[in-house]
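Everything below concerns the one structure shown next.
Note on naming: letters A, B, ... go to the chains in the order of the sequence lines (proteins, then strands), and numbering restarts at 1 for each one. Note that these values count all heavy atoms, side chains included, but never hydrogens, waters or copies made by symmetry. Treat the numbers as computed from the prediction; the structure is a model and nothing was measured.
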Amino acid sequence: MKMTLPAEEPKHQRHIIPRQKQAKIHQSMNKNMGRFFIYLILILFSLAFILPFLWLISGSLKSSSELFANPPIWIPEVLNWSNFKEAFSAFPFWLYLKNTLIIVVFSCIGAVLSNSLIAYGFSKIDWKYRDAVFIVVLATLMMPFQVIMIPLFLQFKEIGWIGTYYPLIVPHFFGNAFFIFLLRQFFKGIPKELSEAAKMDGANEFTVFWKVILPLSKPILATVVIFQFIEAYRDFLGPLIFLSDNKLYTLSLGVQQIMSQNDPRWGLLMAVGVAMTLPIIIIFFFLQRYFIEGITFTGTKG
Amino acid sequence: MNIQKRILRNGLLFISPWIIGFLCFTAYPMVSSLYYSLTEYNLISEPNFIGFDNYKQLLFEDDLFLTVLGNTMYMIIVGLTITTVVTIMIAILLNTKNIKGMSFFRIVFFIPTLVPFVVLAILWIWVLQPDSGVVNSILGFFGIDGPGWFSSPKWAKPGLILMTIWMSGNMILIYLAALGDIPKSLYEAASIDGANVLRKVFHITLPGLRPAILFNSITGMIGVFQSFAEAFIITDGGPDNSTLFYSLYLYRNAFQYFNMGYASAQAWILLIIALIMTMTFFKLSKRWGFED
Amino acid sequence: MKKIMSMSLISVLVIILVLSGCSNSNSSSSTTSNSKEFTYWYPWGGDSEKWDKERIADYEKEEGMKVNAVYVPDGITNGKLLSAISGGNPPDLVLGDGNDYQLAYSLAAQGALEPLDKYLEKAGFDENTVLEGFHDVMKQPDGKTYILPQDSNVNLLYYNVDMFEAAGLDPDNPPKTIEELDKAAEALTKLKDDGSFDTLGFIPWIDAGEDPYTWPWAFGADMFDTEANKVTLNEEPMIESLKWMDSYAVKYNPEKIKSFTSGFGGAFSPDHPFMTGKVAMTVNGNWFANALKIYSPDTKYKVAPIPSPPGGRENATVFGTNVFFVPKGAKNPQAAINFALYGNQDKVLAGNINIWRSISIWKEKSDAIKWDNDSVYETVLNVAASPNSGHPALTSVAGEMGDELTSIRDAVIYNHEDPAKLLQKSQDKLKETLEKK
């Protein structure tokens with residue numbers, strides 16, 4: 001914390017400080033107090049947010065009697081790494097990780113390609129009816145997946161896609177309202193002059209999109225990738241409904257499967273939890289520096 | 001080709017993936033869902049048209065459906081309100097200028113949203129374990145006898161709300177983005193007028209967050225309607241059906257009892273409820289001086 | 001023109017990506033119709049899985065078959081099977097574990113399973129060699145056989161001998177009636193100074209008691225009238241059983257009980273409340289005796305048939321029958337049935353039965369089963385042979401019925417609601433669903 005002024009101001013000096021400055025001093029003292037509280041609250045909140053993670057990690061290294069101990073034990077006496085060893089042999093972790101990543105990677109490719117194209121069409125080309133159609137896009141945001149879940153299932157069943165990854169990948173190549181919205185906001189913030197200049201040089205819309213807009217959009221594309229990655233990686237209902245062969249299972253299904261055995265082994269499950277969360281956190285740290293700057297909400301900044 | 005037409009063609013070409021997707025994966029399924037909702041269909045034999053029987057049964061005969069609606073509404077009205085207040089608070093704190101370690105804090109609040117649902121379930125079963133969980137032992141430290149959480153019909157939903165707050169990093173992020181868009185000059189002007197922090201929050205920050213609050217409320221509401229994995233894995237709707245939420249009940253009817261028609265009727269009622277609630281949110285935000 | 005070119009290029013690119021992305025993920029869905037090969041879904045992990053894999057390996061060696069064995073733990077309950085059937089790629093054979101035969105029966109009633117008669121006949125199966133107690137689950141009202149039992153389990157009352165003696169109860173004279181059970185439970189319950197539980201004598205709704213049919217069956221409830229195809233939930237024995245459970249809820253707050261038991265481990269961990277001596281009596285399957293041997297060898301226990309009230313079902317149990325069945329659209333049903341009939345022979349099951357004390361479905365006793373002079377197995381056989389034991393809720397609405405009964409029980413024990421009213425409502429609801437199916 002930086003103190004710009006001593007906390008106690010000699011009283012006799014007070015009257016000689018000009019009014020404006022006096023207000024400033026008052027303000028900065030307030031500011032320091034305020035800042036202290038902000039830190040305090042932030043640290044408390046962060047602790048509350050981190051605690052469950054620490055609990056997971058500590059649980060993954062505990063023996064079963066330590067797990068049930070009351071009061072709880074935070075640091076296990078002996079680090080019980082065997083939980084991890086057993087976790088990897090309890091179910092085909094690596095196969096399921098690979099399956100999950102196949103879905104994740106292709107759905108991310110789909111999301112980036114389709115949504116950036118679509119968002120370009122909704123922001124950089126000024127066609128008739130554009131805003132009316134965009135309202136329809138936004139309206140689909142307000143539709144719960146459950147409404148179309150059954151007919152989608154029946155539709156995919158009709159074309160023989162049940163038990164394959166198609167239902168989990170293909171729809172992502174056809175746009176997603178939330179991503180279209182995010183990208184559109186970002187594209188709108190890119191100065192018109194850039195695309196106009198390129199067009200003057202004879203570039204067509206696609207070239208402008210590909211050569212001018214996309215290179216400038218790395219932060220928001222990274223954001224889309226992160227969101228889609230998270231979405232596909234943690235998805236549970238989709239794989240539950242659309243996959244049947246357990247060789248094709250994702251990690252989520254695999255973990256739920258060993259959880260639903262009549263006798264869950266919690267130490268092992270905590271270890272699985274750690275192992276399953278780690279890859280996504282690693283990916284996040286690679287992409288996070290683009291992440292927060294990518295989102296603009298009202299489109300006035302960018 | 002005239003210019004107007006060419007622009008229209010270009011626009012439509014660019015959005016064509018969405019048009020195809022909308023027709024195949026949204027519009028058509030919605031219409032067929034409407035049809036199935038008027039039938040009795042178990043996937044094996046052909047759908048059998050029964051008119052509005054499913055709707056009649058759902059709305060007037062199925063007591064469980066009322067319980068389910070009540071549970072879901074509780075999560076929206078109580079849960080979403082609390083989540084909104086907490087996330088806005090965190091976002092405002094995070095938006096304070098010149099705070100060291102801010103990027104660290106931002107990451108801390110976002111990371112929980114990375115946790116896969118199944119892991120979330122494993123984790124929170126343990127965090128809220130009545131005997132040896134973290135939350136109850138902290139409460140015990142302050143001399144409070146913690147509740148049974150997921151083993152109590154009264155406390156299971158509050159337990160899930162705690163969990164929702166924990167993983168609401170997305171909302172915080174949206175609020176942060178919206179906060180960044182509020183012009184700094186407004187605050188400076190208010191400071192010159194001698195406004196205190198609270199006044200600034202209520203007169204500048206909150207009005208500035210209007211669109212973000214509306215957006216988060218609507219997506220949050222849809223999120224509640226869609227939330228499935230948590231209740232499916234942690235409590236399976238219990239105890240005493242206190243966590244039997246809309247999508248879990250719909251899933252049961254469709255994929256455990258194979259009443260596809262009945263479940264489709266539920267889906268359509270859900271759509272209507274979501275529509276009404278969205279419109280209510282828009283109305284409310286206008287009434288409170290929010291306009292988009 | 002150039003624009004159109006590049007546009008179509010990108011669409012082609014998208015499509016190629018989609019196709020290439022999915023084709024390599026799609027390769028493992030097997031669509032073989034080779035008669036030397038079939039797919040088999042089994043429900044268990046752990047020791048049972050090891051045992052099943054040995055059985056499969058032996059069969060493959062003896063018959064020169066290839067069995068694609070797939071572990072699907074809750075395939076029937078969560079709709080995996082139905083989506084496989086309707087997706088046109090079902091397994092040839094499914095083994096449902098002891099809690100799932102009602103759902104299997106309900107699938108058969110809805111036309112999702114293949115009738116087995118002609119395959120069974122071809123394999124030389126004679127249904128008269130199967131114990132009478134299993135005929136109900138095998139056949140539908142249309143007279144066709146859809147389900148082939150593998151083996152079965154029964155539920156028993158386990159009680160802790162040391163705790164009985166400490167409470168002044170006679171371990172050789174376990175409770176036979178509900179009244180005696182309540183008295184023993186009372187005597188065995190100990191509270192701590194602060195009013196929380198130290199040990200509980202008995203909790204009706206844990207272990208096998210959690211199964212919605214266990215207690216209604218003991219009290220004499222029928223739940224479903226197969227001949228009249230009628231749901232009969234609202235009957236006196238059913239009401240009695242719920243009221244009886246509520247008497248425990250009134251005496252000991254069920255939320256407190258749930259907190260008390262939620263720290264406990266499952267039946268296959270040393271933290272099970274019966275093993276740690278936190279609960280003195282519990283109702284559980286025959287297999288629990290072996291779990292006790294592994295995880296808590298020092299617990300001194302005995303078993304007895306589940307107590308029943310006057311007019312209830314004495315010496316009875318709800319069977320936990322493991323069942324084979326063939327989904328509609330299976331490509332190799334004959335091979336599936338041949339394997340099932342190999343797999344449910346006593347000599348093949350002996351390895352399993354001699355560990356878990358399960359019961360054979362065959363009338364003729366086999367020498368391969370070695371539980372002579374075992375007091376637990378004596379009770380198991382006694383209960384299994386009882387004409388009062390059976391398979392409840394054989395109906396197309398079994399899934400709904402189970403959930404309805406669970407939620408009624410919760411409403412009764414948590415909120416002390418009137419069971420008769422709830423039962424009537426559920427009965428009406430199920431009746432309507434039944435008519436639609």
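In this structure, A:Trp266 CH2 and B:Ile125 CD1 are separated by 4.0 Å, a value rounded to the nearest 0.5 Å. Distance CE/B:Met260 to CE/A:Met149: 8.0 Å, rounded to 0.5 Å. Atom CD1 of A:Ile125 and atom CZ of B:Arg6 lie 11.0 Å apart (nearest 0.5 Å).
Around CZ of A:Phe37, the count of heavy atoms belonging to other residues, nucleotides or ligands within 6.0 Å does not exceed 12. Within a 6.0 Å radius of NZ in A:Lys128, other residues, nucleotides and ligands contribute 12 heavy atoms or fewer.
Checked against the 6.0 Å centroid threshold, A:Phe174 and B:Phe22 do not count as a close aromatic pair. Aromatic ring centres of A:Trp55 and B:Trp126: separated by at least 6.0 Å. Taking the six-membered ring for Trp and the full ring otherwise, A:Phe153 and B:Phe255 have centroids separated by under 6.0 Å. With ring centers used as reference points, A:Phe209 lies under 6.0 Å from B:Phe14.
A:Phe227 has its side chain within reach of B:Leu173: a pair of non-hydrogen atoms, C-beta onward, lies under 4.5 Å apart. Taking 4.5 Å as the limit, some side-chain heavy atom of A:Met276 sits within range of a side-chain heavy atom of B:Val118. Using a 4.5 Å heavy-atom threshold, the side chains of B:Ile15 and A:Tyr120 count as separate. Residues B:Met30 and A:Pro151 fail the side-chain proximity criterion, which asks for heavy atoms closer than 4.5 Å. Proximity of A:Leu117 to B:Trp18: side-chain heavy atoms (C-beta onward) are nowhere separated by under 4.5 Å. Within the 4.5 Å cutoff, side-chain heavy atoms of A:Val170 are placed close to those of B:Phe25. Side-chain atoms of B:Tyr28 and A:Ile148, non-hydrogen and from C-beta on, never get closer than 4.5 Å to each other. A 4.5 Å side-chain heavy-atom check between A:Tyr233 and B:Pro116 finds at least one atom pair inside the cut-off.
The contact between B:Thr278 and chain A is made entirely by side chain atoms (from C-beta outward), counting heavy-atom distances below 4.5 Å. Residue A:Phe229: no heavy atom, backbone or side chain, is found under 4.5 Å from chain B. If you measure heavy-atom distances from A:Ala119 to chain B, you find no contacts under 4.5 Å at all. Looking at B:Val86, the atoms closer than 4.5 Å to chain A (heavy atoms on both sides) all sit in the side chain, from C-beta outward. Heavy-atom distances place the side chain of A:Phe156, and not its backbone, under 4.5 Å from chain B. For A:Lys124, no part lies near chain B; criterion is any non-hydrogen pair under 4.5 Å. In this structure, no portion of B:Ile269 lies under 4.5 Å from any heavy atom of chain A. Interface remark: A:Ser46 contributes backbone and side-chain atoms alike to the contact with chain B (heavy atom separation under 4.5 Å). For A:Asp126, the part lying under 4.5 angstrom from a heavy atom of chain B is the backbone only. When heavy atoms are compared at a cutoff of 4.5 Å, B:Ile218 approaches chain A solely by way of its side chain, counted from C-beta outward. With a 4.5 angstrom heavy-atom cutoff, B:Leu250 touches chain A only via side-chain atoms.
Ring geometry for B:Phe105 against A:Tyr39 counts as tilted: the plane angle lies between 30° and 60°, on a 0 to 90° scale. The aromatic rings of B:Phe109 and A:Phe45 sit perpendicular to each other, their planes meeting at more than 60°, with 30° as the lower class boundary. Ring planes of A:Phe236 and B:Phe232: tilted class, angle from 30 to 60°.
Heavy-atom pairs under 4.5 Å with chain B were tallied for A:Leu138, A:Ile241, A:Ile41, A:Thr140; the largest tally goes to A:Ile241. Per-residue heavy-atom pair counts under 4.5 Å with chain B were compared for A:Gly121, A:Pro52, A:Gly273, A:Ser252, and the maximum is reached by A:Pro52. Ranking B:Thr113, B:Ile138, B:Thr219 against chain A, the residue ahead of the rest is B:Thr113, based on heavy-atom pairs under 4.5 Å. Ranked by heavy-atom pairs under 4.5 Å with chain A, the first of B:Phe104, B:Tyr41, B:Tyr246 is B:Tyr41. For chain B, the option among A:Val272, A:Leu154, A:Ile280 with the highest count of heavy-atom pairs below 4.5 Å is A:Leu154. Ranked by heavy-atom pairs under 4.5 Å with chain B, the first of A:Leu56, A:Leu237, A:Ile180 is A:Leu237. When each of B:Met89, B:Met221, B:Gln226, B:Met167 is scored by its heavy-atom pairs under 4.5 Å with chain A, the top score falls to B:Gln226.
Taking B:Ser33 as the reference, B:Trp268 meet the side-chain hydrogen bond (donor to acceptor under 3.5 Å, both in side chains) condition, with sequence neighbours excluded.
Between the B:Trp166 side chain and the A:Phe49 main chain, a donor and an acceptor come within less than 3.5 Å of each other. Between the side chain of A:Gln146 and the main chain of B:Leu271, no donor-acceptor pair closer than 3.5 Å is present. A distance-only check finds a donor-acceptor pair linking the side chain of A:Arg234 to the backbone of B:Val115 [under 3.5 Å].
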(request) Just do the side chain to side chain contact (heavy atoms under 4.5 Å, CB included) check on B:Ile222 and A:Leu141 with the steps written out, would you? (result) CA-CA 8 Å; B:Ile222 302 300; A:Leu141 259 185; over 6 Å; no
(message) Between B:Phe225 and A:Phe145, does the ring pair (Phe, Tyr, Trp, His ring centres under 6.0 Å) criterion hold? Intermediate values first, please.
(response) CA-CA 9 Å; B:Phe225 279 130; A:Phe145 173 66; over 10 Å; no
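Between B:Cys24 and A:Gln155, the shortest heavy-atom distance links the atoms O-NE2, 2.9 Å. Between B:Ala274 and A:Met142, the shortest heavy-atom distance links the atoms CB-O, 4.0 Å. The shortest heavy-atom contact between B:Pro17 and A:Ile118 is CB-CD1, 4.0 Å.
Of the residues B:Ile111, B:Leu114, B:Val119, the one that meets the side-chain contact (heavy atoms from CB on, under 4.5 Å) test with A:Thr277 is B:Val119.
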